[in-house]
Amino acid sequence: MIIAPSLLAADFTRLGSEAARAQRAGADWLHLDIMDGQFVPNISFGPDVVAAVRPHAKKLFFDVHLMCLKPEILLEPFVEAGADEIIVHVELGERVAPLLWKIRALGRKVGLAINPPTSIAAVLPFLGQIDLLLVMTVNPGFGGQSFIHECLPKIQQADAWRRAKKLNYRLEVDGGINNQTVAECAHAGADTFVAGTALFHRRNMKAAIKKMRQIAHDNDPTLADLKV
Ligand code: DX5
Ligand code: ZN
């Protein structure tokens with residue numbers, strides 16, 4: 001189980017120390033929500049901020065989520081800035097396949113995201129090419145939104161395809177993830193959990209991450225069979 005705090009919910013006046021706090025608190029990954037004000041109605045931060053944060057959290061895997069209309073021009077800058085994985089949105093249509101190849105060619109992990117209104121069938125052509133599928137559980141653009149329960153069947157379907165096709169992409173969820181919704185997502189097959197508000201807004205982030213990881217583990221159906 002991977003717990004990935006989203007920097008979007010951190011104190012923007014202290015992003016370096018917030019990233020260090022997440023690392024000390026036992027996070028596995030740092031999720032970096034990049035918003036361009038076009039693909040989503042908000043602007044967050046760019047490659048220079050990611051590069052500035054990178055040395056403060058050397059041990060964390062940087063999971064860069066591009067909610068951007070033209071990710072083609074951003075791939076190299078974010079690789080330079082220290083991205084370990086780059087996620088692009090399937091809503092970009094014809095441009096998705098070349099984008100995935102480009103991320104792979106740059107030597108980084110390849111992620112594909114899908115928004116709540118988009119049919120899960122849209123990701124089928126790409127499942128063999130990706131390291132991670134991100135099923136958005138809110139409409140992207142802002143942290144602190146409510147979880148959209150109608151997304152759960154998409155997680156189940158993505159997990160079923162992963163098993164049926166014997167693929168091993170990670171199944172990530174992002175948006176409104178807390179100690180209640182993490183259980184539902186884990187039970188549906190998710191194994192990688194982005195949480196901003198539920199983690200960065202807690203004084204004791206270590207306890208919050210530990211609790212979320214435990215709940216995810218306790219609701220992992222693949223482990224249920226092992227329980228005697
Ligand atoms: C939406 C963002 C948020 C953020 C997490 O575009 O991607 O989902 O990461 O937000 P919380 O965990 O605060 O809902
Ligand atoms: Zn995200």
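In listed order, ligands and their atoms are each counted from 1. Keep in mind that the numbers below use all heavy atoms, side chains included, and drop hydrogens, waters and symmetry copies.
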| task | Report the distance from atom CD of Q38 to atom CG of L69, rounding to the nearest 0.5 Å. | result | 5.0 Å

| query | If you measure from CG on L124 to NZ on K165, what distance do you get to the nearest 0.5 Å? | reply |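 So the CG of L124 and the NZ of K165 are separated by 5.5 Å.
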
| Per-atom contacts, ligand 1 versus G175 - under 4.0 Å to a heavy atom | 8 (O), 14 (O)

| query | Should you measure from each heavy atom of A195, which atoms of ligand 1 turn up under 4.0 Å away? | reply |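 Close to A195: 12 (O).
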
State if [X] counts as touching ligand 1 under the rule of any non-hydrogen atom under 4.0 Å.
| X | answer |
| --- | --- |
| A9 | no |
| M35 | yes |
| A198 | no |

Does a salt bridge link [X] with [Y], judged by any charged N lying under 4.0 Å from a carboxylate O?
| X | Y | result |
| --- | --- | --- |
| K70 | D36 | no |
| R162 | D191 | yes |
| E80 | R54 | no |
| E72 | K102 | no |
| D131 | R108 | no |

Give yes or no for whether the N/O distance cutoff of 3.5 Å, strictly under, is met between [X] and ligand 1.
| X | value |
| --- | --- |
| T197 | yes |
| D33 | yes |
| G176 | yes |
| V138 | no |

| message | Tell me which N, O or S atom from H31 is the closest to the Zn ion (ligand 2). | response | NE2

| remark: Here the N/O/S atom of H65 closest to the Zn ion (ligand 2) would be ND1

| What's the OD2-the Zn ion (ligand 2)-OD1 angle here (D174, D33), rounded to 10 degrees? |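 Taking the Zn ion (ligand 2) as the apex, the two atoms subtend 150°.
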
